[in-house]
Number of protein chains: 2
Amino acid sequence: MNMKLKLARVEKNLSQQQLADLTDATRQTIGLIEKGKYNPSLNLCVKIAKTLGKTLDQLFWVGVDDS
Amino acid sequence: MNMKLKLARVEKNLSQQQLADLTDATRQTIGLIEKGKYNPSLNLCVKIAKTLGKTLDQLFWVGVDDS
DNA sequence: GCACTATGCAATAAATATTTTGCATATTAA
DNA sequence: TTAATATGCAAAATATTTATTGCATAGTGC
């Protein structure tokens, strides 16, 4: 479950469908990534991060300072 | 051409083959990623970054402060 | 109740990452 | 010269992401 991604999306008031449209993906793909069900490509990760105003690390890196 | 990745690997004195072994990938995959020829999965990016002691952003993010 | 949006889940198809194998060149060391 | 390492390139096979489609449920507002 990628909480950081879900939180960043909700903070921007975007639905899964809207984020999918903005990143040339589908709703299913976004949903599965948020659920941690798979393993997106780097390009898609970058698109998502830029769309949400975050970096790769902020959305997809398991940092040492995670609680 | 992913220079940041190549530089980080060479700084660690690793061959493409050695990095591939450490990340459960193949030499070809590492070579193609360094050449910018494709689009690795997030999991592989994370493995590579951890192996090289870097973060995703340091290897795969096109930062605003790139010269 | 009824329409509408948001999300989850699942099967199939399509696209593409990754592996496997082999051969090529350049470099370095014995 | 010969052996060994490092890298590039390419074709075919495999694995996995991603798209497509459809149906289900919960919530909201009319």
Side-chain angles (χ1 to χ4, degrees):
Chain A
M1 187 75 155
N2 191 332
M3 271 307 184
K4 294 192 269 193
L5 172 54
K6 185 165 192 170
L7 286 177
R9 174 177 62 80
V10 171
E11 279 178 6
K12 284 252 171 182
N13 284 321
L14 293 174
S15 68
Q16 290 183 348
Q17 181 67 66
Q18 289 171 322
L19 178 57
D21 293 339
L22 291 168
T23 55
D24 301 307
T26 58
R27 177 173 70 83
Q28 286 71 4
T29 298
I30 301 297
L32 288 171
I33 295 172
E34 284 187 359
K35 286 224 156 270
K37 282 288 181 176
Y38 54 63
N39 196 6
S41 67
L42 177 61
N43 282 350
L44 183 51
C45 292
V46 170
K47 277 187 187 176
I48 292 172
K50 288 185 175 174
T51 299
L52 296 178
K54 303 281 185 179
T55 70
L56 287 174
D57 286 354
Q58 290 173 327
L59 294 184
F60 300 107
W61 186 252
V62 282
V64 284
D65 57 342
D66 275 348
S67 59
Chain B
M1 189 77 158
N2 190 332
M3 272 306 184
K4 294 192 269 192
L5 172 54
K6 185 164 192 170
L7 285 176
R9 175 177 61 82
V10 172
E11 279 177 7
K12 284 252 172 182
N13 283 322
L14 293 174
S15 67
Q16 291 182 348
Q17 182 66 67
Q18 289 171 321
L19 178 57
D21 292 340
L22 291 168
T23 54
D24 301 306
T26 58
R27 178 173 70 81
Q28 286 74 1
T29 298
I30 300 297
L32 288 170
I33 295 172
E34 284 187 358
K35 286 223 156 270
K37 282 287 182 178
Y38 55 63
N39 193 6
S41 67
L42 177 61
N43 281 350
L44 182 51
C45 292
V46 169
K47 278 187 186 176
I48 292 172
K50 287 185 175 174
T51 299
L52 296 179
K54 303 281 184 179
T55 70
L56 286 175
D57 286 353
Q58 290 173 327
L59 294 184
F60 301 106
W61 186 252
V62 282
V64 283
D65 58 341
D66 277 349
S67 57

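We name chains A, B, ... by the order of the sequence lines, and we start the count at 1 in each one. Predicted model only: the values in this text are computed from it and were never measured.
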Report task. To the nearest 0.5 Å, tell me how far A/Cys45 SG sits from A/Trp61 CH2. Result -> 12.5 Å
Query raised in the report: If you measure from CD on B/Gln28 to CD on B/Gln17, what distance do you get to the nearest 0.5 Å?
Result: 8.0 Å
Query raised in the report: Is there a side-chain contact between B/Leu5 and B/Ile30, using heavy atoms and a 4.5 Å cut-off?
Result: no
Query raised in the report: Residues in salt bridge (charged side-chain N to carboxylate O under 4.0 Å, His left out) with B/Lys47, at least two apart?
Result: B/Asp24
**Report entry** Whole-Å gap separating P (D/dT7) and CD (B/Glu34)
**Finding:** 8 Å
Report task. Return yes if some donor-acceptor pair links the side-chain N/O of A/Lys4 with the main-chain N/O of A/Val62 below 3.5 Å, else return no. Result -> no
**Report entry** Residue pairs, two or more places apart or on separate chains, that pass salt bridge (charged side-chain N to carboxylate O under 4.0 Å, His left out) and touch residues 7-23 of chain A
**Finding:** A/Arg9-A/Glu34
**Report entry** Atom of A/Thr26, atom of A/Ala20 and distance for their closest heavy-atom approach
**Finding:** C-CB, 3.4 Å
**Report entry** Partner set under side chain to side chain contact (heavy atoms under 4.5 Å, CB included) for A/Leu44, not counting sequence neighbours
**Finding:** A/Thr23, A/Ala25, A/Thr29, A/Ile33, A/Pro40, A/Ser41, A/Ile48
Query raised in the report: Which of residues 13-23 of chain B have a heavy atom under 4.0 Å from DNA chain D?
Result: B/Ser15, B/Gln16
Query raised in the report: Would you say A/Arg9 reaches C/dT7's phosphate, i.e. side-chain N/O to OP1/OP2 under 4.0 Å?
Result: yes
Just the table, please: protein N/O against nucleotides 18-20 of chain C N/O, every pair under 3.5 Å.
| residue | atom | partner | partner atom | Å |
| --- | --- | --- | --- | --- |
| C/dT18 | OP1 | B/Ser41 | N | 3.1 |
| C/dT18 | OP1 | B/Ser41 | OG | 3.2 |
| C/dT19 | OP1 | B/Asp24 | O | 3.3 |
| C/dT19 | OP2 | B/Thr26 | N | 3.1 |
| C/dT19 | OP2 | B/Thr26 | OG1 | 2.8 |
| C/dT19 | OP2 | B/Thr29 | OG1 | 2.4 |

Report summary line: When the rotation axes relating C1' atoms of four end pairs to the next four are compared across the helix from C/dG1-D/dC30 to C/dA30-D/dT1, five pairs an end, they differ to 10° by 40°
Report task. List, by chain and number, the other hydrophobic cluster members for A/Val10, where Ile, Leu, Val, Met, Phe, Trp and Tyr join if side-chain heavy atoms come within less than 4.5 Å, directly or indirectly. Result -> none
Report task. Specify the separation, in whole Å, of atom CG of B/Asn43 and atom C1' of C/dT16. Result -> 16 Å
**Report entry** Rounded distance in Å - NZ (A/Lys37) to P (D/dT17)
**Finding:** 12 Å
Query raised in the report: Remaining members of B/Leu32's ILVMFWY cluster at a side-chain heavy-atom cut-off under 4.5 Å?
Result: B/Tyr38
Requested in this report: Could you pull out all residues at least two apart from A/Gln58 that satisfy side chain to side chain contact (heavy atoms under 4.5 Å, CB included)?
Outcome: A/Lys54, A/Thr55
Requested in this report: Indicate yes or no for a side-chain donor-acceptor contact from B/Asn43 to the backbone of A/Asn39 under 3.5 Å, with no hydrogens or angles considered.
Outcome: no
Requested in this report: Just jot down the side chain to side chain contact (heavy atoms under 4.5 Å, CB included) partners of B/Gln18, sequence neighbours excluded, or say none.
Outcome: B/Leu14, B/Ser15
Requested in this report: Walk me through it: do A/Leu42 and A/Leu56 pass the test side-chain contact (heavy atoms from CB on, under 4.5 Å)?
Outcome: CA-CA 9 Å; A/Leu42 177 61; A/Leu56 287 174; 3.9 Å; yes
Query raised in the report: Nucleotide by nucleotide, 5' to 3', does protein get under 4.0 Å of the base (B), only the sugar-phosphate (S), or neither (-) in nucleotides 25-30 of chain D, counting heavy atoms?
Result: ------
Query - Contacting residues from residues 47-60 of chain A, given that a heavy atom lies under 4.0 angstrom of DNA chain D - result: none
